Amino acid sequence: MKIMTDKPSDSQPQLGAIAPHFERFTSLVTGELILIECECPIGEDHTYADWVARFTRAAL
């Protein structure tokens, strides 16, 4: 999948910047991929499980 942005393709996010990306889900009904815009500190496409593993370790 290619994501179109206004930034040149060779630009890198600045250190500490939050890069727009997608959180990926799979529909339980159709099996289709669902992409939801996300701006969390992960900074790259991920699943909800990835987010939980990264940000809820303190709760375990």
Side-chain angles (χ1 to χ4, degrees):
M1 170 184 9
K2 185 170 183 173
I3 300 171
M4 302 300 291
T5 67
D6 293 335
K7 293 182 183 179
S9 60
D10 61 341
S11 70
Q12 295 294 321
Q14 297 295 322
L15 193 58
I18 297 175
H21 57 278
F22 293 98
E23 188 164 334
R24 300 181 312 266
F25 294 89
T26 303
S27 169
L28 296 175
V29 175
T30 66
E32 292 181 303
L33 180 63
I34 301 168
L35 300 176
I36 299 176
E37 290 183 350
C38 184
E39 293 189 6
C40 76
I42 291 177
E44 62 187 25
D45 293 355
H46 59 85
T47 64
Y48 178 71
D50 296 336
W51 186 90
V52 168
R54 181 162 180 180
F55 295 109
T56 61
R57 292 180 194 263
L60 297 177

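Owing to the predicted nature of the structure, the values given are computational and were not obtained by experimental measurement. All residue numbers in this chain count up from 1 along the given sequence.
The two residues Gly43 and Ala19 have their closest heavy-atom pair at O-CB, 3.7 Å. Here the closest non-hydrogen pair linking His21 and Glu44 is CD2-O, 3.0 Å. When all heavy atoms of Thr26 and Gly31 are compared, the pair lying nearest together is CG2-O, 3.4 Å.
Cys40 SG to Arg54 CZ: the interatomic distance, rounded to the nearest 0.5 Å, is 7.5 Å. A distance of 12.0 Å separates CD of Glu37 from CD of Glu23, quoted to the nearest 0.5 Å.
Contact check for Arg24 versus Leu35: side-chain heavy atoms found under the 4.5 Å cut-off.
Under the 30°/60° scheme for interplanar angles, the aromatic rings of Phe55 and Trp51 are found to be tilted.
In this structure, Phe25 places its CZ atom where more than 12 heavy-atom neighbours from other residues, nucleotides or ligands lie under 6.0 Å away.
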